[in-house]
Each structure stands twice: as structure tokens, then as C-alpha cells.
Visitor: 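To start, I am sharing the structure in question, which I have written as C-alpha cells.
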Amino acid sequence: MPETRYVFVTGGVASSLGKGIISASLAKLLQSRGYRVTIQKLDPYLNVDPGTLNPYEHGECYVTEDGAETDLDLGHYERFLNVPTSQANNVTTGRIYQNVINKERKGDYLGKTVQIIPHITDEIKRNIKLLGTKHKYDFVITEIGGTVGDIESLPYVEAVRQLKWELGDHAAVVHLTLVPFLNASGELKTKPTQHSVKQLLENGIQPDVLVLRTEHELSQDIRRKVALFCNLDSKAVIQSIDVKTIYEVPVKMQEEGLDEIVLKKLNLPITEKPALKDWKGFLNKLYNAKQTVRIGLVGKYVELADAYKSIIEALHHAATYNNRKAKVELIHSEDLNDTNAAEMLKGLDGVLVAPGFGHRGIEGKLSAIKYVRENNIPFLGICLGMQCAVIEYARNVLKLSDANSREMDNRTNHAVIDLMEDQKNVTDMGGTMRLGAYDCELSEGSNAYKAYGKTDIKERHRHRYEFNNEYLEAFEKAGMVPAGFNPDTGLVEIMEIPKHKWFTGVQYHPEYSSTVLNPHPIFMAFIKAAIEE
């Protein structure tokens, strides 16, 4: 295999055009050709990581196996490639500056004046090349967050310019822009793309491939016009047209020849096109499912679906492999109560109560759980959703009326959910939770055991509070039992109600591990139970 090649994906005109999906699609195509590929995201904001960001600001916070709190695009990378990412796959401006300042304080710069160039750009380049040099990937695809022209993105663009010069034919730049359609004139307009590429050229970077995001088919004349203005071969100007699902994008990019254009630019052999048999098999199941399974997702950020991105995708994966279309209905927990729960949850085949932090919307989650528990509707609780199931059971079955989590009420007499022992002296908020993958031993005969088909598993976590084992015996006697423990700490990872049709709460985040070709077993079992409902 060749030494590492680097592909940089930049964006222009507007944000949210889908750089992450284009990056993941290119990576999937190269992986299908036998290359070892990884993707990283460079985020231009000053937060060290997105762990303390409100989901309304940045969507969900994705967690890697090694405990990094990262951008949600890493979820796309893993779902497409079926390969775990790590701390090195997401770098923010905050971390870059933190590293440089730490070096300056230690005297690493030997008295020099520390500047954006070369010190910040050198640190960016070091982080970009780290994956290639340390992990020996054939391709490192680097997505630059934001759009070209943003002030905060300039150091990253400059670092890319330097690397493209240093690496020669081992580097390529893919630029994603928008070609808007004006209804008034009935025209597709290329001027925004021309200005975006001009901005990139002013920063010293000539793109090697242009991917044009569009709602309508682009004619060859439009492609030739763009190529002429942007110093490109017309074959290197390709379209990314709207599709029904993001999982169709790799197929569309293969049809456009994106991977072949990149391989040609990097002087690598172009072999026969991969068949993408398994991938197309998934799409075939997705499009041809005749029946629907309705799942209610109860949370407090439902105005922004990206806050629950991995959960929604995991539900779609599992439904597809159960030969169903998932209709995910987002239900705001602040709108729910004991009086209207029956009406708001009417007709659902299953209910998932989402993770989160803080007391807002908690009572609505408890009302949803009470309703599905009493009406034998399949239930899955994730992280805080599992903790809410414990609180609801304590209040309504154990009759501990003021039962709560110490997170919601620090003075409760019955903290059935309490702060973890190793969290009690923590003062910093960022990166200090129980993060990353931990072992769990499952109880034979439980829903979880039947789903996984084994007793020893490892799942990713993101929490500070845990089930209070002082109440374990009382819960077991009342009919809610532990189905999984951490073997090292005795932490309860899973709670279930065996007499219920399917009622499982998990302290960990199974959604992070669900991929297109490997749907998560807990979601598979939940959807199966919902179908039977």
C-alpha cells in the first residue's frame, strides 16, 4: 500500500451543505477499494471540545470509544466506515491554542515570539498528519468546519495551503459549494460558486475537485462554465443532488466518479469500481419496506433533530433490518404530563426516552414512562432515560413519593440516582464525566442478553450520575431488576422489568455504536418488540 495521502474538504457559500456526508462518502468509496481510511474534523470554534455546548448550539455531542467528546460529524464517519474514531479525529481551535500556549509556558519555543504563522499553523499541520504517521492510514480525509472566508477558519485554510505545497501529489482539495435555483427566473446560478473559489484562490489554494450541491440536475454546459471560471477540468466538477437519504450519497458520488478523480489526482491506480453490494443491499431494504413502525422519541431538544442524530439514525438502521420503515415522532417532554400522556403517545408502537442533562422536561419524561409501563408498550431508556425509569418506578411502585436524582434535587430523601463517587470532587465541567467505552456483564435471560447473545459487552458512556445501589434490593423485590453490571465498580448499567413486554433502560449510549452495516443489537431488539406490539 502507498504512504499516506491527504484529502482536504472545504466548503463555501453556505454552511450545512453536507461536507461531513461528502467526506464520509468519499471515505466509503476509497475503503471499498481496499484502502485504510479515516476522517477527521477540524472545528474553528474556541471551545476545547463540544462537551459543554448546548445541543441547540451544535447538535448532539458524539463520544468516541477512547472518551473524546466530539462533533456529531464523527458519528457519520463511524456509521459510514464501520471503523471507530478517536480523540485525534476531532480538533478544535480551542485545543490548538491550548496546546500552543502550554508549549509556550514550558519554554518549547526558546524565547521566540509566538504567532499565528508559523506556530498555530504548525500545530494544525501536526494534528492533521498525526493520524497518518501514528496509525499508518492510506488516506486521511480532513474536513474543515465552517466556510471559506470565515475569520476563524483562516488559520486552517493557511495550514492546508502549506500542506498542499509540502505534500505535492500526496494531497488534494475537494471544495463543496452551493448552486442555488432561483424560482423567479427558473435558473441555476453559478456565481456564488465562482466567488467561493475566488476566495479560496486568494488564500493560495486551487481546488482539485468541485462538488456542487444542488436541488436540480446540472447540465454539462453549467459544469463546463464552472470549470472554465475555476481552473478545472470539467470532469472534476461534479454534482451532489438532493436524495431521499444520506446513505444514497456514496452511490451518487460513485456514479459521479468522485473517488476516481481523487485517485487520478493523487497518481494512484484506478481499478474496477467496487460493487458496494452490502451498502446497496441496505438501501434496497430501506426503500422497499412496505410496513411502518412508529416510535415516539421523548426529549427536550426535539425542535432540533440533530440533538438526537445518532439515536434517530440507529432507529432507522434497526427498522430497516427488521424490514420496516421507521417513523420517528419527536415529542417534547415539556408538553407531556399524566393527563395528556395517553393522547400524546397514542398509536405508538414503542417509546424511547432520550438522554440529556438538567431538570427541564423531566416530569414529562416520567409521565411518558409511567404510561408505557402501565400499558405494556415497548420502552427503551438511554442514560437519563434509564435514570427517569428508575425514578418513576421508585415513586409509583416503591411509593417513595419524593424519589429523585441528586442532579435534579440535591436535598431529596430518596436519591435513587446519585452522583458517582469519583465525580464528587470534580470542579471542571469539560471532559470530566464518565466518558468512553466500559465493560458490562449481562444477566442471562434478560432482554439485553437476548439482544446481544453474549454476557460480556463494552459500551460508551457519558454521565456523572448512577443508580444508587442502596436501593437495589428494594427494586428487585418490587419487580425492576438489574440486567447488567460494570464488573469493576458494580455500577448498574441496565435496568429491566421482566414482567413487561419489553422494558429496558441502559446507562450507556448504544446509539453511538450503530452503523449502516452493523445495526446495534439493543435497537434491533427494541424495534422487534415494537413490531410485535
Side-chain angles (χ1 to χ4, degrees), residues 49-57 60-61 63 67 69 297-302 307-308 311 332-334 336-337 352-370 379-398 400-436 438 459-472 474-475 480 482 484 486 489-495 505-512:
D49 59 48
T52 55
L53 283 173
N54 189 307
Y56 288 128
E57 290 275 334
E60 78 171 1
C61 175
V63 177
E69 293 176 295
L297 197 167
V298 180
K300 65 177 181 178
Y301 302 114
V302 295
Y308 304 113
I311 291 174
H332 207 304
S333 58
E334 285 192 290
L336 261 169
N337 54 55
L352 187 154
V353 173
F357 297 93
H359 68 275
R360 184 170 69 87
I362 286 296
E363 295 302 321
K365 291 184 177 182
L366 298 179
S367 293
I369 294 166
K370 181 175 185 285
F379 164 80
L380 175 60
I382 297 176
C383 198
L384 181 60
M386 173 266 205
Q387 296 176 1
C388 286
V390 169
I391 296 168
E392 188 279 327
Y393 206 81
R395 289 183 184 181
N396 297 312
V397 180
L398 275 63
L400 305 175
S401 59
D402 72 334
N404 215 327
S405 166
R406 195 78 72 184
E407 179 183 9
M408 315 307 164
D409 181 2
N410 194 42
R411 292 178 292 184
T412 177
N413 292 315
H414 296 289
V416 290
I417 303 295
D418 207 348
L419 187 64
M420 300 178 69
E421 196 61 38
D422 59 5
Q423 290 286 318
K424 290 181 178 177
N425 295 316
V426 170
T427 54
D428 288 349
M429 296 298 291
T432 56
M433 282 185 273
R434 186 173 191 251
L435 294 165
Y438 288 87
E459 292 285 0
R460 305 180 204 187
H461 291 250
R462 185 175 185 248
H463 62 104
R464 298 186 193 277
Y465 293 82
E466 64 178 337
F467 180 87
N468 187 343
N469 282 347
E470 291 180 13
Y471 291 87
L472 189 54
F475 272 87
M480 178 180 269
N486 178 277
T489 63
L491 169 68
V492 173
E493 302 274 22
I494 306 170
M495 290 294 281
V506 297
Q507 182 60 73
Y508 52 83
H509 289 263
E511 71 273 20
Y512 294 147

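Residue indices begin at 1 and follow the sequence shown. Computed from a predicted structure; not experimentally measured. These values consider heavy atoms only, across backbone and side chains, with no hydrogens, waters or symmetry-generated copies.
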Visitor: Report the residues that fulfil side chain to side chain contact (heavy atoms under 4.5 Å, CB included) with Pro55, sequence neighbours left out, ordered by chain and then residue number.
Guide: Tyr301, Ala307

Visitor: Measure across Val416 and Ala394 and return the closest heavy-atom pair with its distance rounded to 0.1 Å.
Guide: CG1-CB, 3.9 Å

Visitor: With the side chain counted from C-beta on, respond yes when Pro482 and Leu472 share a heavy-atom pair under 4.5 Å apart, and no when they do not.
Guide: yes

Visitor: Please determine which of Ile391, Val492, Ile494 meets the side-chain contact (heavy atoms from CB on, under 4.5 Å) test together with Met386.
Guide: Val492

Visitor: Please confirm whether the backbone N or O of Tyr465 pairs with a side-chain atom of His463, one donor and one acceptor, at under 3.5 Å?
Guide: yes

Visitor: To the nearest 0.5 Å, tell me how far Phe475 CZ sits from Met495 CE.
Guide: 5.5 Å

Visitor: With sequence neighbours left out, what residues match Asn486 under side chain to side chain contact (heavy atoms under 4.5 Å, CB included)?
Guide: Arg434, Tyr438, Asp488, Thr489, Leu491, Glu493

Visitor: Can you tell me if Asp402 uses its side chain to pair, donor with acceptor, with the backbone of Asn413 under 3.5 Å?
Guide: yes

Visitor: Sub-3.5 Å donor-acceptor pair from the side chain of Glu407 to the main-chain atoms of Gly358, do we have one?
Guide: yes

Visitor: For residues 357-370, which residue pairs pass the salt bridge (Lys or Arg N to Asp or Glu O under 4.0 Å) check, not counting sequence neighbours?
Guide: Glu334-Arg360, Glu363-Arg395, Lys370-Glu374

Visitor: Starting at CD1 of Ile362, measure out to CG of Asp409 and round the result to the nearest 0.5 Å.
Guide: 12.0 Å

Visitor: Which residue in the set Pro510, Cys388, Pro355 passes side-chain contact (heavy atoms from CB on, under 4.5 Å) when paired with Cys383?
Guide: Pro355

Visitor: At what distance, to the nearest 0.5 angstrom, does CD1 of Ile417 lie from CG of Asn404?
Guide: 9.5 Å

Visitor: Any non-hydrogen side-chain atom of His461 less than 4.5 Å from a side-chain atom of His509?
Guide: no

Visitor: Testing the basics here: between Leu297 and Ala354, what is the closest heavy-atom pair and its distance to 0.1 Å?
Guide: CD2-CB, 3.8 Å

Visitor: Lys300 side chain to Phe357 main-chain N or O, any donor-acceptor pair under 3.5 Å?
Guide: yes

Visitor: Are any of the side-chain nitrogens in Glu69 or Arg462 under 4.0 Å away from the carboxylate oxygens of its partner?
Guide: yes

Visitor: Can you tell me how far apart CD1 (Ile382) and CD (Gln387) are? Round to the nearest 0.5 Å.
Guide: 12.5 Å

Visitor: Working to the nearest 0.5 angstrom, can you tell me the gap between Gln507 CD and Leu384 CG?
Guide: 9.0 Å

Visitor: Do Tyr471 and Leu400 touch side chain to side chain, with heavy atoms closer than 4.5 Å?
Guide: yes

Visitor: Could you tell me which non-hydrogen atom of Leu398 sits nearest to which non-hydrogen atom of Ala474, and how far apart they are?
Guide: CD2-CB, 3.9 Å

Visitor: Could you check if a side-chain atom of Glu511 sits within less than 4.5 angstrom of a side-chain atom of Tyr308, using non-hydrogen atoms only?
Guide: no

Visitor: Minimum heavy-atom separation for Phe379 and Ala389, please, with both atom names.
Guide: CE2-CB, 3.9 Å

Visitor: If you take all heavy atoms of Ala368 and Leu336, which pair is closest and at what distance?
Guide: CB-CD1, 3.8 Å

Visitor: Quick check for you: to the nearest 0.5 Å, what is the distance between Glu466 atom CD and Asp418 atom CG?
Guide: 7.5 Å

